[in-house]
Every structure is written in C-alpha cells, then in structure tokens.
Amino acid sequence: GDMLVQFKGKNGGAGDVYIYYGVPVLTYRRMLSAPSKGHAFWVYIRGKYPFAKLTGDKRTKQQGGIN
C-alpha cells in the first residue's frame, strides 16, 4: 500500500510529509516496530519505492521522486 512519512524539520519539529507508493505491509510493520525509525527507513524504504513530496517545496530533489 501507500505509506505516509513525516520527517523531522530542521528545528526538530514537524517537517515535510512524503508518500511512498507500493510499500508491502511487512515492510511497514518492520518500520513501525523498529527501535530506530530513521535507520529502518534507510534500510527498508529509501531508494526502494517511488515517492512524492506532499508538503513544502513540491519539487522532489531525490532520485526516484515523482514530481
């Protein structure tokens, strides 16, 4: 399914929201149960699924992004 991820902002508060498409339920559950969500994101999500930025500057600068 599709997974929404909100990153931390530069000040440690709420940052931008991204949607990742086609993430398997098992991968989603792994991320939720991981002691470090950031590490789990880098291992299981980043660079593996197409995504789009939903907030802020909508022009995606990362490889794999959908503008």
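Predicted, not measured: the structure shown is a model, and the values here were computed from it.
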* **Heavy-atom pair of closest approach, residues D2 and I19** => CB-CD1, 3.9 Å
* Could you note down all residue pairs passing salt bridge (Lys or Arg N to Asp or Glu O under 4.0 Å) where residues 5-15 supplies at least one of them, sequence neighbours left out? => none
* Asked: Distance-only, no hydrogens or angles: does the K48 side chain make a donor-acceptor pair with backbone N or O of V43 under 3.5 Å?
  -> yes
* Start with the C-alpha distance between T27 and Y49, add both sets of side-chain angles, then the distance that settles side chain to side chain contact (heavy atoms under 4.5 Å, CB included), and finish with yes or no. => CA-CA 11 Å; T27 302; Y49 301 97; 3.8 Å; yes
* Look only at the side chain of Q6 and the backbone of G15, and say whether a donor-acceptor pair between them is shorter than 3.5 Å. => yes
* Can you tell me which residue pairs pass the salt bridge (Lys or Arg N to Asp or Glu O under 4.0 Å) test with a partner in residues 28-44, sequence neighbours excluded? => none
* V17 vs V5 side-chain heavy atoms within contact, under 4.5 Å -> no
* To do: For this output row, return yes or no: ring centroids of Y20 and F51 closer than 6.0 angstrom.
  => yes
* Under the side-chain contact (heavy atoms from CB on, under 4.5 Å) test, residues paired with Y28 that sit two or more places apart -> M3, L32
* Name all residues meeting the salt bridge (charged side-chain N to carboxylate O under 4.0 Å, His left out) criterion together with D16; count only those two or more places apart in sequence or in a different chain, and write none if there are none. => K53
* Asked: Can you find a heavy atom in the side chain of Y44 that is under 4.5 Å from one in the side chain of P24?
  -> no
* Asked: Would a hydrophobic clustering, with Ile, Leu, Val, Met, Phe, Trp and Tyr connected at side-chain separations under 4.5 Å, put V25 with M31?
  -> no
* To do: Kindly give the heavy-atom pair with the smallest separation between Y21 and A52, and that separation in Å.
  => OH-CB, 3.8 Å
